[in-house]
Protein chains: 2
Amino acid sequence: MDKHTTREAGRPPGMTDVARVAGVSAQTVSRALAGHPNVQEKTRAKVLAAVEQLGYRKNNAARVLSSGRSRTIGVVTLQTSFYSRTALTHGIERAAQEAGYAVSAATTASLDTSAIESAMLRLADQHVEGMILAVPLIHVSRQIEQLTGAVPTITVDGSRTSATEVVAVDQSLAARLATRHLLDLGHETVWHVAGPRAWLDASSRSQGWRAVLEGEGRVVPPELEGDWSPESGYRNGLILGRIPDVTAVFVASDEMAFGVIRALHELGRRVPDDISVVGVDDIALAEYCSPSLTTVAQPFAEMGALAVAHLMRYIADPDAAMEPASVEPSLVVRASTAPARRV
Amino acid sequence: MDKHTTREAGRPPGMTDVARVAGVSAQTVSRALAGHPNVQEKTRAKVLAAVEQLGYRKNNAARVLSSGRSRTIGVVTLQTSFYSRTALTHGIERAAQEAGYAVSAATTASLDTSAIESAMLRLADQHVEGMILAVPLIHVSRQIEQLTGAVPTITVDGSRTSATEVVAVDQSLAARLATRHLLDLGHETVWHVAGPRAWLDASSRSQGWRAVLEGEGRVVPPELEGDWSPESGYRNGLILGRIPDVTAVFVASDEMAFGVIRALHELGRRVPDDISVVGVDDIALAEYCSPSLTTVAQPFAEMGALAVAHLMRYIADPDAAMEPASVEPSLVVRASTAPARRV
DNA sequence: TGCGCAGATGATAGCGCTCCCACCTGCCGG
DNA sequence: CCGGCAGGTGGGAGCGCTATCATCTGCGCA
């Protein structure tokens with residue numbers, strides 16, 4: 001550090017430097033750059049010229065320290081590469097960028113309360129103005145409660161216990177679309193391989209599936225559960241393939257669906273001839289693996305944008321009432337589903 | 001803001017508060033928390049107790065402003081969900097976290113110089129101590145040169161023009177493993193669907209493939225090019241499938257490989273009976289799609305760790321000489337490759 | 001016995017910005 | 001004609017922390 005206040009070589013220009021060059025005060029520079037209304041056009045122009053000339057860039061740390069506002073939001077995600085979370089994160093990033101916000105990501109290796117807590121704390125330390133939780137909040141600790149109280153937080157998994165705002169794809173609808181599609185093809189009933197129960201996404205799908213079957217007076221088969229990985233789909237497929245009257249399966253994610261299909265294949269049951277399979281997500285490979293997968297496409301980009309929009313509103317007015325928002329998924333029919341064969 | 005220096009309700013506790021409770025000076029608190037050696041164990045304990053009692057959390061903005069060090073590194077990635085980049089990012093995140101660094105991600109929608117420039121500037125504004133570029137630097141602008149001069153930067157794509165340090169998977173080896181595997185199965189020669197030329201990953205694979213063929217005196221078929229997407233693999237597959245003497249194809253990514261396989265399938269050429277296909281990456285689905293894919297696994301986690309380790313060393317001593325580092329991929333043989341049929 | 005040095009602690013001065021308030025123009029109405 | 005009021009501007013005072021230097025202890029050694 002240096003005693004002299006005069007400009008130094010090797011130090012980036014500060015607001016004072018801009019002020020000097022523009023012939024105004026540092027204060028005016030601040031206002032001009034912040035888009036404050038009470039600044040003459042002429043003055044603003046002078047400031048901008050000086051900024052250009054010096055190659056001035058704002059010092060974010062100073063701004064945050066002084067104002068408490070960071071223009072940054074945080075996203076908590078699970079440290080894995082499931083397609084859905086990746087796609088969602090991208091949607092959020094793009095939307096945040098457009099809103100002039102930076103995104104700070106904190107990943108957690110597990111869904112433990114303490115792990116999520118620590119991810120949220122890391123974000124809080126970075127003075128984020130809001131958070132988006134892309135993981136299910138299984139248990140809301142005192143610490144988390146305090147954080148969500150202090151920092152506007154929304155969750156895109158819609159944890160049922162939380163005190164946070166919720167944005168979500170209508171997963172129940174996704175499940176209903178899939179299940180009804182299979183019934184429409186003439187199948188007696190539809191089996192289901194669900195995601196982990198901790199995820200609301202997973203349990204909403206399960207509920208939607210069950211609702212359709214019950215509404216139609218069909219037998220509701222026991223539900224199987226995976227962990228989103230292809231491998232868990234495979235394990236469940238090995239079970240399903242051994243049950244003779246299984247002819248239609250709704251799987252809670254595309255990656256698991258391919259695992260299921262592989263297992264069925266190995267057991268000699270053909271898809272879609274013997275068994276129809278529907279997934280969820282519409283990953284890039286869904287169309288190109290064999291057989292191409294009938295699935296329910298999720299509008300992840302839209303979803304990210306909606307989450308950010310919601311959060312912005314929440315940040316602007318923390319007291320405003322907000323009802324949960326949701327976007328609609330859509331069915332994409334491909335080759336993994338076929339009409340039930342006459343018995 | 002407030003005139004009084006005494007504690008206020010509703011304001012989080014600061015270092016001065018901790019100092020008061022612990023009965024030491026703010027300075028000592030700073031040193032104790034920074035792990036400075038010249039602090040008595042007893043004093044440190046008192047400080048930690050006070051921290052605990054007050055629920056004190058450091059103010060990062062203030063630390064950055066004052067010290068210039070942010071304990072944050074930045075990562076520039078492309079705004080897509082290709083498996084490789086996602087996996088790599090996770091490797092980086094984990095390693096950085098272990099090193100006590102936060103990760104700030106900046107995504108860019110395109111590979112334009114200006115887009116990458118702006119992503120790097122955004123990171124610079126956040127006072128990152130170092131950057132990892134996970135995108136190819138096609139053209140190094142004056143601005144970028146200035147940035148890489150000011151902030152330690154390494155690239156994991158190994159752009160040939162850049163003035164940055166390089167960490168990479170040995171892609172040439174990956175290609176040689178794949179190509180040799182196919183030749184060993186008795187195929188006359190091997191065709192290649194490459195990634196975009198702008199990516200060094202892609203061109204290294206192409207070179208490795210070519211080197212093996214030339215070394216063995218085989219015919220080097222013309223090279224096809226995709227954009228990493230399954231769809232581009234499909235397009236190229238539609239071409240390859242129409243060429244009668246194609247019996248083995250090395251594809252630069254798993255996602256493209258499945259696209260190729262699908263196209264071949266549609267043209268009535270069986271994999272692996274008629275044509276063997278090898279991919280690169282070993283994505284989670286490689287084992288579960290049909291046929292399961294022979295591929296070259298990339299050690300992304302290791303790679304991320306290596307990149308971070310390199311960057312840490314670079315940050316610690318920007319002048320230290322560092323040779324490019326690389327990690328080794330490994331071949332995973334599955335069902336998409338088979339011995340060439342006797343002609 | 002005393003000097004000096006090293007280890008432990010404290011005091012002070014910023015880091016670059018934004019807030020609050022005072023100021024200074026010019027113009028309106030009384 | 002002058003007080004007042006509004007829009008524009010400038011002047012300080014911090015924001016919470018760390019760097020630098022000063023200070024203060026205790027101890028070894030001559």
Side-chain angles (χ1 to χ4, degrees), chain A residues 1-8 10-20 22-47 50-51 54-71 124-127 129, chain B residues 1-8 10-20 22-47 50-51 54-71 124-127 129:
Chain A
M1 312 280 155
D2 222 289
K3 306 256 128 119
H4 323 300
T5 327
T6 54
R7 90 190 72 158
E8 301 282 327
R11 247 246 307 277
M15 233 174 205
T16 348
D17 301 302
V18 176
R20 190 168 348 94
V24 297
S25 76
Q27 190 40 232
T28 302
V29 174
S30 173
R31 271 188 289 247
L33 262 34
H36 193 100
N38 286 5
V39 179
Q40 283 203 331
E41 240 359 278
K42 212 175 63 182
T43 314
R44 192 190 308 278
K46 272 194 303 188
V47 169
V51 164
L54 293 174
Y56 166 81
R57 304 229 93 211
K58 71 185 192 305
N59 181 318
N60 205 46
R63 182 207 291 287
V64 173
L65 178 58
S66 172
S67 70
R69 267 179 280 110
S70 61
R71 291 271 155 191
D125 283 351
Q126 289 173 62
H127 310 275
E129 293 180 35
Chain B
M1 312 289 158
D2 222 290
K3 306 251 128 118
H4 324 300
T5 327
T6 53
R7 88 192 72 160
E8 300 281 328
R11 247 247 304 281
M15 233 175 206
T16 353
D17 301 303
V18 175
R20 188 169 349 93
V24 297
S25 75
Q27 191 41 232
T28 302
V29 174
S30 171
R31 271 187 289 247
L33 262 34
H36 192 99
N38 286 5
V39 179
Q40 283 203 329
E41 240 358 278
K42 211 176 64 181
T43 313
R44 192 189 307 276
K46 272 195 300 188
V47 169
V51 164
L54 294 173
Y56 166 80
R57 303 229 93 212
K58 69 184 194 307
N59 182 318
N60 204 46
R63 183 209 289 291
V64 173
L65 178 57
S66 174
S67 71
R69 267 179 280 111
S70 62
R71 291 272 157 189
D125 281 353
Q126 289 175 61
H127 310 274
E129 292 179 35

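Order of the sequence lines fixes the chain letters, A, B, ..., with proteins taken first and strands second; residue numbering starts at 1 for each chain.
When rounded to the nearest whole Å, the span between CG of A:Asn60 and P of C:dC17 equals 10 Å. Between the CZ atom of B:Arg63 and the P atom of D:dC15 there is a distance of 19 Å, rounded to whole Å. Atom CG of A:Leu65 is separated from atom P of D:dC15 by 9 Å (rounded to the nearest Å). Between B:His127 atom NE2 and D:dC17 atom P the separation is 17 Å, expressed in whole Å. Between the CZ atom of B:Arg20 and the P atom of D:dG16 there is a distance of 13 Å, rounded to whole Å. Remark: C1' of D:dG16 and CD of A:Gln126 are 17 Å apart, rounded to the nearest angstrom. One atom, CG of B:Asn59, and another, C1' of C:dC17, lie 14 Å apart when rounded to the nearest Å.
Take B:Ala26 and apply the side chain to side chain contact (heavy atoms under 4.5 Å, CB included) test, not counting sequence neighbours, and it matches B:Ala19. For A:Arg44, the salt bridge (charged side-chain N to carboxylate O under 4.0 Å, His left out) test picks out A:Glu41, with sequence neighbours left out. Residues satisfying the side chain to side chain contact (heavy atoms under 4.5 Å, CB included) criterion with A:Thr16, sequence neighbours excluded, are absent altogether.
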Please output the side-chain donor-acceptor pairs of residues 54-62 of chain B that fall under 3.5 Å, not counting sequence neighbours, one pair per line with the distance.
unit_1: B:Arg57; atom_1: NH1; unit_2: A:Asp125; atom_2: OD1; d: 3.0
unit_1: B:Arg57; atom_1: NH1; unit_2: A:Asp125; atom_2: OD2; d: 2.7
unit_1: B:Lys58; atom_1: NZ; unit_2: A:Asp125; atom_2: OD2; d: 3.4
unit_1: B:Asn59; atom_1: OD1; unit_2: A:His127; atom_2: NE2; d: 3.3
unit_1: B:Asn59; atom_1: OD1; unit_2: B:Ala61; atom_2: N; d: 3.0
unit_1: B:Asn59; atom_1: OD1; unit_2: B:Ala62; atom_2: N; d: 3.0

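Within residues 29-46 of chain B, the residues that place at least one heavy atom under 4.0 Å from DNA chain C are, in residue-number order, B:Arg31, B:Asn38, B:Val39, B:Gln40, B:Thr43.
Phosphate proximity of C:dG16 to A:Ser66: absent, as no side-chain N or O sits under 4.0 Å from OP1 or OP2. Within the structure, a side-chain polar atom (N or O) of B:Thr28 is placed less than 4.0 Å from OP1 or OP2 of C:dG10.
Sequence neighbours left out, not one pair with a member in residues 25-39 of chain B passes salt bridge (charged side-chain N to carboxylate O under 4.0 Å, His left out).
Heavy atoms of B:Val64 sit nowhere under 4.0 angstrom from any nucleic acid atom.
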